[in-house]
Amino acid sequence: MAMRITLHQVGRLLLYAGLIALAVGLPVLGWTARNDSDAFNKQVGWANIWAGSLAAVGLIIMQVGANQGNVSDLNRRVISLAKAQRTSHSKQLAQLLGTDSLESRYANVEFSAADARTGKPPPRARAAGNIDTIADFYRQKTPGRMLILGAAGAGKSVIGITLLLKLIDEVLTLAKVEGEELKVPVIFNLTSWPSEKKFDDWLVEEISMRFRLSPAAARELVHDKRILPILDGLDEMDTEAESPDRAEWAVGQLNDYIAINWNEPIVVISRSGSQYYSRLRARFRNMQAISIKPISSRRAEKYLTEHCGSETVDSINAGLAKGTRKTREMFFAAISTPWRLAITVGYINSGNNPKKLLPAANEGQAAFIARLDSELYETFLTTRFRLAGCKNQRQEDRARFHLSRIAHLLQSPKSDEQSIDIVLHDWWRRFGARVPAWQSRAGLFAAVVPFSLPLDRLPLEGYSPAPNAGWTSWAMPLANFLMLLTMAVATPYQVTRPTALNISRFLSSAGLLRVSLLLVLSVGTGYFFLVATSSGLLGAAIGVGLFVMLVSVIGRRTEATKDATGPHDPIRRDFVASGIYGLGMGTFMGAYNAEALGPLMGLLFGIGYFLAMTVGFAAGRYFMTTVMGPSVGLPLRLSSHLRWAKSAGILRTSGISYQFRHRELMTYLSATSDPPPRMPLPGPFGIPIQRVPKWLERKL
């Protein structure tokens with residue numbers, strides 16, 4: 001296939017040629033005519049004219065071809081998003097399906113068409129499809145807007161991810177067709193949608209945070225309607241004990257979005273029933289709903305026979321035959337979801353007697369469900385703990401204690417974070433503003449400690465004002481010290497997202513131009529100090545520090561912009577970015593102060609700036625959260641515990657977040673344990689400082 005060259009690419013090639021001519025051709029021509037002043041002026045002049053003209057023409061052509069390349073650029077971003085989603089959610093789907101020897105695989109559930117206004121299917125509705133045919137139903141039977149409803153554990157997440165992966169396959173197939181405008185499906189968790197934020201703005205923020213895209217690129221994708229939102233967790237936006245105001249607001253906002261964008265696709269996933277979707281006063285309009293059907297007793301028996309053997313099913317049926325018809329209906333209704341069937345298989349394959357799961361004589365439904373939950377979940381947790389390396393009861397109790405505390409924190413209405421996902425760089429929100437307050441204290445302590453002086457003295461020991469200069473000799477060091485303290489205290493309240501260095505920003509023509517300008521500025525500043533102080537080491541330190549600091553400032557973004565490859569990546573990237581930024585700041589400010597205050601005080605100022613910067617960013621906030629965690633019963637090494645729980649099959653990962661393997665498991669852990677004695681409270685704790693006002697934050 002012939003390669004297609006766009007005007008944008010031609011213009012960029014000409015721009016590069018002009019820059020190379022300036023950077024290489026100009027010195028070469030000047031060197032060849034260095035002994036002849038007339039020839040030197042003539043060659044250098046023509047080199048400037050040709051190189052500048054070439055670069056200018058390239059810029060003009062790039063501008064003309066910008067619109068031509070817009071569609072292809074958007075398609076490239078869509079393809080990149082599609083591949084990232086396929087990698088991430090294929091792993092998540094494998095975790096949801098449960099492929100180990102104890103539980104085998106989820107049952108292939110069926111669904112029927114339902115009414116979005118009532119949330120219920122027609123009486124005796126036939127199956128309209130199953131997991132494998134969900135994409136065909138969505139394309140052929142819906143207007144592109146679909147509501148997926150089902151009971152807890154019915155397989156809503158499985159069917160949603162399956163739909164996403166099948167749609168992504170279609171996107172990657174269409175990508176081979178030239179000129180086709182692509183639309184990529186992306187799963188969003190509605191629990192992270194703040195009530196004060198517009199729907200489009202929230203989508204932009206989520207895409208920018210989770211993928212390697214700038215806010216401008218994410219906004220272009222959303223506004224150009226290149227995103228197919230799959231919105232999960234409508235039922236989780238409110239706790240069951242509270243009024244459904246947040247979910248009501250979300251339904252209203254999405255109805256307005258559908259009314260304005262009547263031909264744009266959207267998928268919403270929610271639990272059904274009187275406690276969830278059916279309790280909402282507002283319902284979705286102009287949307288086709290489907291309801292996941294419970295697994296029938298016949299299919300449940302077949303599933304148990306495949307994974308536990310016919311003898312197990314015969315034993316269960318023999319026990320049920322001793323009771324009434326209601327007893328049989330009660331048992332199979334209790335295990336009629338894929339999640340319940342999976343943990344039932346795990347219970348039996350762990351060597352337990354399946355007859356313990358059957359309803360006892362004269363046992364009511366509520367009492368039976370409570371006893372069944374205890375049998376299944378206690379066995380599930382005990383088996384998982386032992387398979388993951390817990391050697392005795394003490395280790396099992398400790399692991400369960402930590403997981404129960406996490407479950408309480410995720411469901412606490414007192415925290416600043418509403419999502420039930422465990423996102424490490426946002427975990428501090430579970431503790432409200434206490435963490436930034438203590439982080440400011442840590443930053444203040446780190447900024448002052450290098451000077452090894454009491455707080456009632458300034459770090460100017462050995463400093464003498466310049467003769468006849470008066471108070472101006474003290475202005476620079478005093479202002480410098482106050483700036484250091486202000487940065488240490490204010491940074492945690494201004495930087496609320498992880499930082500990441502985006503080296504690709506410097507690989508474009510504009511990026512190379514930025515680097516060149518920064519290099520010229522840094523070399524010039526370093527040379528000035530070299531001449532002024534007659535110290536080559538001082539000039540080099542100032543030049544290098546300024547260059548590193550400016551490059552890190554231009555190259556960093558306030559979001560975790562790399563692909564959502566794992567929960568720990570944003571913290572690692574922030575640690576690297578804040579360390580490089582602090583290194584540049586500390587080197588520059590340390591060398592700058594060394595010229596006026598002496599080498600020792602310059603060194604101390606440099607260390608102070610470095611520590612104040614590194615402590616103030618998201619990695620420092622996560623560290624403060626882990627230090628405060630044991631006060632509410634969390635493990636000190638939270639990330640290691642989460643990795644262990646994932647390997648044990650109790651947690652799963654979804655992009656940059658950890659989740660309990662099922663919502664029911666989290667609810668059971670919190671219901672069977674005591675809450676922390678001191679739940680985290682929002683609001684300042686300790687230092688009486690509030691968040692920076694939003695109008696000031698936008699200006700900064």
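All heavy atoms count here, side chains included; hydrogens, waters and symmetry mates do not.
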(request) Verify side-chain contact (heavy atoms from CB on, under 4.5 Å) between Leu651 and Gln659, making sure each step is shown before the conclusion. (result) CA-CA 6 Å; Leu651 299 180; Gln659 301 171 343; over 6 Å; no

(message) side-chain contact (heavy atoms from CB on, under 4.5 Å), that's the test. Do Leu642 and Ile406 meet it? Break it down for me.
(response) CA-CA 10 Å; Leu642 295 176; Ile406 293 173; 4.0 Å; yes

(request) Test side-chain contact (heavy atoms from CB on, under 4.5 Å) on Leu410 and Arg430 and set out the steps. (result) CA-CA 8 Å; Leu410 292 176; Arg430 307 291 174 182; 3.4 Å; yes

(request) Could you check Phe575 against Tyr622 for ring pair (Phe, Tyr, Trp, His ring centres under 6.0 Å), going step by step and ending with a plain yes or no? (result) CA-CA 10 Å; Phe575 180 77; Tyr622 171 70; over 10 Å; no

(request) For the pair Val615 and Arg621, evaluate side-chain contact (heavy atoms from CB on, under 4.5 Å) and give the outcome as yes or no after the intermediate values. (result) CA-CA 7 Å; Val615 170; Arg621 186 174 301 115; over 6 Å; no

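Rounded to the nearest 0.5 angstrom, Ile650 CD1 and Met666 CE are separated by 14.0 Å. Here the OG1 atom belonging to Thr667 is positioned 9.5 Å from the NE2 atom belonging to His662, to the nearest 0.5 angstrom. Note that CG of Leu164 is 9.0 Å distant from CG of Leu228, once rounded to the nearest 0.5 Å. Distance check, rounded to the nearest 0.5 Å: OH of Tyr138 to CG of Leu167 gives 6.5 Å. The CZ atom of Phe199 sits 10.0 Å away from the CD atom of Gln253 when rounded to the nearest 0.5 Å. The CH2 atom of Trp249 sits 8.5 Å away from the CG atom of Leu254 when rounded to the nearest 0.5 Å.
Of all heavy-atom pairs spanning Tyr277 and Leu234, the tightest one is CD1-CD2, 4.1 Å. The shortest non-hydrogen separation linking Arg652 to Phe660 is NH1-O, 3.8 Å. Residues Asp201 and Lys197 share a closest heavy-atom pair of CB-CG, 3.9 Å. Between Asn255 and Arg285, the closest heavy-atom pair is OD1-N, 3.1 Å. The minimum heavy-atom distance linking Ala218 with Ile207 is given by the pair CB-CG2, 3.9 Å. Closest heavy-atom contact between Ile269 and Gly160: CD1-CA, 4.0 Å.
In terms of modelled atom types and a separation under 3.5 Å, the side chain of Gln439 and the main chain of Phe617 share a donor-acceptor contact. Using modelled atom types, no side-chain atom of Glu248 and backbone atom of Leu280 make a donor-acceptor pair closer than 3.5 Å. Remark: side-chain polar atoms of Arg139 are not paired, donor with acceptor, to backbone N or O of Ala135 under 3.5 angstrom. Put simply, the side chain of Lys646 never gets that close to the backbone of His641: no donor and acceptor are under 3.5 Å apart. Judged by distance alone, the side chain of His408 and the main-chain N or O of Ser670 form a donor-acceptor pair under 3.5 Å. For the pair Arg663 (side chain) and Ala152 (backbone), a donor-acceptor distance under 3.5 Å is absent. Remark: side-chain polar atoms of Ser578 are paired, donor with acceptor, to backbone N or O of Asp574 under 3.5 angstrom. Looking at Asp224, its side chain never comes within 3.5 Å of a backbone N or O of Glu220 through a donor-acceptor pair. No donor-acceptor pair under 3.5 Å is formed between the side chain of Asp232 and the backbone N or O of Ser270. Judged by distance alone, the side chain of Arg246 and the main-chain N or O of Met237 form a donor-acceptor pair under 3.5 Å.
The side chain to side chain contact (heavy atoms under 4.5 Å, CB included) test with Thr162 singles out one residue from Ile134, Asp132, Thr133, Asn130, and that residue is Ile134. Of the candidates Asn261, Ile227, Ile230, Ile258, Ile266 forms a side chain to side chain contact (heavy atoms under 4.5 Å, CB included) with just one, namely Ile258. When each of Arg226, Arg145, Lys225, Lys183 is paired with Glu264, the salt bridge (charged side-chain N to carboxylate O under 4.0 Å, His left out) condition holds for Lys183 and for no other.
Between Asp169 and Lys166, no side-chain nitrogen of the basic residue sits less than 4.0 Å from a carboxylate oxygen of the acidic one, so the salt-bridge criterion is not met.
Relative ring orientation between His568 and Tyr658 is described as perpendicular, the plane-to-plane angle rising above 60° on a 0-90° scale split at 30° and 60°.
The shortest distance between side-chain heavy atoms of Thr626 and Arg637 does not fall below 4.5 Å. In this structure, Leu190 and Trp202 have side chains that are in contact, with non-hydrogen atoms separated by less than 4.5 Å. Between Pro143 and Asn263, the closest side-chain pair of non-hydrogen atoms is not below 4.5 Å. No side-chain heavy atom of Phe111 sits under 4.5 Å from any side-chain heavy atom of Ser291. Inter-residue side-chain proximity for Leu163 and Met146 is flagged as met; some heavy-atom pair is nearer than 4.5 Å. A heavy-atom distance below 4.5 Å is not found between the side chains of Gln288 and Lys141. Looking only at side-chain heavy atoms (C-beta outward), Pro229 and Val267 stay at 4.5 Å or farther from each other. For the pair Pro567/Ser657, no side-chain contact is recorded, criterion being any heavy-atom separation below 4.5 Å from C-beta on.
The 12-atom threshold is exceeded at CZ of Phe137, counting heavy atoms of other residues, nucleotides or ligands nearer than 6.0 Å.
Two rings, from Trp193 and Phe188, have their centers 6.0 Å or more apart.
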